[in-house]
Amino acid sequence: MKILVPLKRVADPDNANKVKVNAGKLVTTGLEWKPNPFDEYAVETALRLTENGTATKTRQGEVVVVTFGPKDSETTLRAMLGTGADRAIRVDTGDDQIDGDVVARALKALVEKEKPDLVLCGKQAVDGDSGQVGQQLAEYLGWPQATFAGSIESEGDKALLVGREVDGGTIKLRVELPAVVSVDLRIVAPKSVKSVHTPATHAYPEGVRFAALMAIMAAKKKPLAEVKLADLTSDAAPKIQYLDYELPPARKAGVKVKDVTELVTRLKTEAKVV
Amino acid sequence: MSNILVVAELSEGKVRKSTHSAITFAREATKGGGSFTLFVLGDGAKAAAAEVVAYGAAKVLVGEDPSLKDPVCERFAPTIAAVAKAGNFDIVAITASSFGKDIAPRVAAKLAAGYAPDISGVKADGGKLTYRRPVYAGNAYVSCQLTTKVGVVSVRQSEFAAAEPSGGASATEDVAVAPADAAASKVTFLGIEAAKSERPDLGEAKVIVSGGRALKEKFAEVLDPLANQLGAAIGASRAACDAGYAPAELQVGQTGRVVAPALYLAIGISGAIQHLAGMKGSKVIVAINKDPEAPIFQVADYGLVQDLFTAVPALNAELKKANA
């Protein structure tokens, strides 16, 4: 199976509460670039689908990672090559000049060239929190989609059984390939991904894998191509325009209560919610 | 002046409450002129449409078809796009639930429309709609506009109050269900596993009792009596779900549900950014945690530093006494 994984770098999501706003502009100074966590889960999923979990050195298929960004976003791609992806593509853009729709249309052209069996992406990037690229790409390609996947079982590379995590439960879908699948966080639980290459009894460690030092060195030799955005789409105009940022209204300073009696009194008389 | 198509979300043949939030959005967006039309589609749409004729819609469109029994995007999106085109609507509004967020981007792509997801506010000035939406897990908000003639938005239930009926009776009109996308033939709906619960839905509950990993195997044993006492829904942190103490569909946060009840009790929850993203909009937040440094206390209106295994039963007893 050949899998394409689009990947975005985002300002350190574990410190997202440190973003600031200055004159309507968002300031993320001091926050390190990190791969979008849901995209990392997509890469991990792609690796699990293309290997025998008990012998992960040999790839049974190909995993291609692609990002949209400036030259230094190649660091994010190299990190993914270190974990086992075979090849990387960087579409040369700024970090902020495009929107999800431009990305989806550019990816369509890239998919038509690369011809993967599956596009795996994160359910959303945790900076803009839009969650649209996968679905829009599926529409532009005329492919089926399965969003918010918490489990995937491949059926001999022809179809996937996907467990979609939805409000109030899990929807099970069978999707014939090629398809676009977006993943949610439980996809990286030990037994969430079942490939045809891995014994059914195999359990992965929880979460995504880290690159060994040797692998990071070796990844420097893996191919990383640069593509111009204009070569993928002639229309790179965003359809959404961000105007002014602001911080959420500050919550009034809370109080510590000494016991449940005080808590209930305050909830009754002050907050009037019980 | 905008004409808005509001897509209703059905669950077991009933209009979900999230739809009423989308109606509130439409009312606000058409304050300066324009109108909104409701589109009820799915299996059982005809009967469900009767539930929403008294909300001031210019019309209630009904798309009833057995092919829309299961929520398969490749079947719903073509009809929504076709109806939006035929009616020349400026905006298509869909609920920001897992149903809406699956479908809305695909509809936007079909209409070459801009997409504003998860909107939390709208202002109509000079005929142009300006939306407000959370970014960075709710740590910032941004105002935005769509540059396209037609726009698609998904509306956050937690940020728009549920609309009340405004009287009158909108005319209903049957619309043809468009052929499914070719891709629909590649998708088989195998079923939905949903836990049956007598408790209110997380998105609609006025009170939520939410538990973290600290509850361990006693998650239900400790929280159920309190939730019963308060008529509350039960939520959970990622850690509690990952550890298997609570089912995944109870998760509140970036993965899981975004909620804004009148009262949110965070019990044994440390308050990771991903969790706060799902509950920071709650009106009153109570945190019970034995770690005084837990970040949850930074957003809590009332904090109690105490072991939850003693605090929760005591709280329950105190509430019983107070309400007796």
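Below, read A as the first sequence line, B as the second, and so on, with proteins coming before strands; counting in each chain starts at 1.
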Check your understanding: Going by distance alone, is a donor N or O of one side chain under 3.5 Å from an acceptor N or O of the other, for A/Tyr242 and B/Arg133?
Key -> yes

Point to revise | chain A contacts, top residue of B/Gln306, B/Gln274, B/Gln251 (heavy-atom pairs, under 4.5 Å) | key: B/Gln251

Review point. Highest number of heavy-atom pairs under 4.5 Å with chain A: which of B/Ala112, B/Pro134, B/Pro71, B/Gly281?
Key: B/Ala112

Exercise for review: Check whether B/Ala248 gets within reach of chain A through its side chain, its backbone, both or neither, counting any heavy atom under 4.5 Å.
Suggested key: both

Exercise for review: Counting only heavy atoms closer than 4.5 Å, note whether B/Lys283 contacts chain A via side chain, backbone, both or neither.
Suggested key: backbone

Exercise for review: For the residue pair B/Asn139 and A/Lys18, confirm or rule out a side-chain donor-acceptor distance under 3.5 Å.
Suggested key: no

**Study point:** Atom group of A/Leu26 that falls short of 4.5 Å from chain B, counting heavy atoms
**Key:** side chain

Point to revise | Salt-bridge criterion met for B/Asp242 and A/Arg186 (N-O under 4.0 Å) | key: yes

Check your understanding: A/Lys239 and B/Ala113: which non-hydrogen atoms are nearest, and at how many Å?
Key -> CD-O, 3.6 Å

Study note, to complete from the structure: Closest non-hydrogen atoms of A/Pro238 and B/Thr147, given as atom of the first, atom of the second and distance, are O-OG1, 3.3 Å

Check your understanding: How about B/Arg132 and A/Leu243: do any of their side-chain heavy atoms sit closer than 4.5 Å?
Key -> no

Exercise for review: Check whether B/Arg257 gets within reach of chain A through its side chain, its backbone, both or neither, counting any heavy atom under 4.5 Å.
Suggested key: side chain

**Study point:** Any A/Ile171 side-chain heavy atom under 4.5 Å of B/Phe189 side chain
**Key:** yes

Review point. In terms of heavy-atom contacts, does CD of A/Glu32 have more than 12 from other residues, nucleotides or ligands at under 6.0 Å?
Key: no

Practice item. Check the surroundings of atom NZ in B/Lys128: do more than 12 heavy atoms from other residues, nucleotides or ligands lie under 6.0 Å from it? Key: yes

Practice item. Answer with side chain, backbone, both or neither: which region of A/Thr28 has an atom nearer than 4.5 Å to a non-hydrogen atom of chain B? Key: side chain

Check your understanding: Does any heavy atom of chain A fall under 4.5 Å from the side chain of B/Ser11, the backbone, both, or neither of them?
Key -> neither

Exercise for review: Just give me the residue among B/Lys206, B/Glu318, B/Lys101 that pairs up with chain A most often, heavy atom to heavy atom, under 4.5 Å.
Suggested key: B/Glu318

Study note, to complete from the structure: If you tally heavy-atom pairs under 4.5 Å between each of A/Lys20, A/Gln124, A/Gln132, A/Arg105 and chain B, the highest tally belongs to A/Gln132

Point to revise | Contact leader toward chain A among B/Leu230, B/Asp70, B/Val107, B/Ile285, where contacts are heavy-atom pairs under 4.5 Å | key: B/Ile285

Check your understanding: Heavy-atom distance under 4.5 Å between the side chains of B/Cys73 and A/Gln145, does that happen here?
Key -> yes

Practice item. Among B/Gly191, B/Ala314, B/Ala262, single out the residue with the greatest number of heavy-atom pairs under 4.5 Å to chain A. Key: B/Gly191

Point to revise | Selection from A/Leu247, A/Val10, A/Val19 maximising heavy-atom pairs under 4.5 Å formed with chain B | key: A/Val19

Exercise for review: Please state whether the side chain, the backbone, both or neither of A/Glu262 comes within less than 4.5 Å of a heavy atom of chain B.
Suggested key: neither

Review point. Are B/Tyr302 and A/Glu270 close enough that a side-chain donor and a side-chain acceptor fall under 3.5 Å?
Key: yes

Exercise for review: Provide the closest heavy-atom pair for A/Gly131 versus B/Pro105 in the form atom of the first, atom of the second, distance.
Suggested key: O-CG, 3.9 Å

Check your understanding: Can you check whether B/Ala194's main-chain N or O pairs, donor with acceptor, with A/Thr170's side chain at less than 3.5 Å?
Key -> no

Exercise for review: Report yes if some heavy atom in the side chain of A/Asn17 is under 4.5 Å from a heavy atom in the side chain of B/Tyr136; otherwise report no.
Suggested key: no

Practice item. Below 4.5 Å from any heavy atom of chain B, which atoms of A/Pro37 appear? Answer side chain, backbone, both or neither. Key: neither

Review point. Contact part of B/Leu146 toward chain A, heavy-atom cut-off under 4.5 Å: side chain, backbone, both or neither?
Key: both

Point to revise | Contacting region of A/Ala138 [heavy-atom separation from chain B under 4.5 Å] | key: both

Revision key, fill the gap. Between the CG atom in A/Leu185 and the OG1 atom in B/Thr255, the distance rounded to the nearest 0.5 Å is 3.5 Å

Practice item. Examine whether an atom of B/Leu250 lies under 4.5 Å from a heavy atom of chain A, and if so say whether it belongs to the side chain, the backbone or both; otherwise answer neither. Key: neither

Check your understanding: So which heavy atom on A/Asp129 is nearest to which on B/Gln254, and how close?
Key -> OD1-NE2, 3.8 Å

Check your understanding: B/Asp102 versus chain A, heavy atoms under 4.5 Å apart: side chain, backbone, both or neither?
Key -> both

Practice item. Please flag which part of B/Ser282 lies under 4.5 Å from any non-hydrogen atom of chain A: side chain, backbone, both or neither. Key: backbone

**Study point:** Interchain contact, B/Asp301 with chain A, by part (heavy-atom threshold 4.5 Å)
**Key:** both

**Study point:** Part of B/Val286 within contact of chain A (heavy atom distance under 4.5 Å)
**Key:** side chain

Review point. For B/Lys186, does the NZ atom have more than 12 heavy-atom neighbours from other residues, nucleotides or ligands under 6.0 Å away?
Key: no

**Study point:** Heavy-atom pair of closest approach, residues B/Ala183 and A/Trp143
**Key:** CB-C, 3.5 Å

Practice item. Please flag which part of A/Asp184 lies under 4.5 Å from any non-hydrogen atom of chain B: side chain, backbone, both or neither. Key: side chain

Point to revise | Pairwise distance OG(B/Ser97) to CG(A/Asp167) - rounded to 0.5 angstrom | key: 5.5 Å

**Study point:** Under 4.5 Å from any heavy atom of chain A - which part of B/Ile273
**Key:** side chain

Review point. Could you give the distance from CD1 (B/Ile103) to OG1 (A/Thr147), rounded to the nearest 0.5 Å?
Key: 9.0 Å

Point to revise | Portion of A/Val264 that has a non-hydrogen atom of chain B nearer than 4.5 angstrom | key: side chain

Point to revise | Contact summary for A/Val166 and B/Ser98, nearest pair of heavy atoms | key: CB-OG, 3.3 Å

Point to revise | Side chain / backbone / both / neither for B/Phe297 at chain A, heavy atoms under 4.5 Å | key: side chain

Review point. Measuring from B/Thr188:OG1 to A/Lys172:NZ, what's the distance to the nearest 0.5 Å?
Key: 14.0 Å

Check your understanding: Is there side-chain contact between A/Val274 and B/Leu319, with heavy atoms separated by less than 4.5 Å?
Key -> yes

Review point. Heavy-atom distance under 4.5 Å to chain B: side chain of A/Arg251, backbone, both or neither?
Key: side chain

Review point. Atom CG in A/Asp101, atom OG1 in B/Thr148: separation rounded to 0.5 Å?
Key: 8.5 Å

Exercise for review: Apply side chain to side chain contact (heavy atoms under 4.5 Å, CB included) to B/Leu190 and A/Leu161, showing your working.
Suggested key: CA-CA 9 Å; B/Leu190 300 173; A/Leu161 296 175; 3.7 Å; yes

Check your understanding: For A/Leu137, is it the side chain, the backbone, both, or neither that has a heavy atom closer than 4.5 Å to a heavy atom of chain B?
Key -> neither

Study note, to complete from the structure: When the 4.5 angstrom heavy-atom criterion is applied to B/Ala104 and chain A, the contacting part is neither

Exercise for review: For residues A/Asp99 and B/Tyr115, determine if any side-chain heavy atom of one lies less than 4.5 Å from a side-chain heavy atom of the other.
Suggested key: no

Point to revise | Atom pair CG/CD of A/Leu173 and B/Glu74 - distance to nearest 0.5 Å | key: 8.0 Å

Review point. Using non-hydrogen atoms only, which part of A/Lys268 is less than 4.5 Å away from chain B: side chain, backbone, both, or neither?
Key: side chain

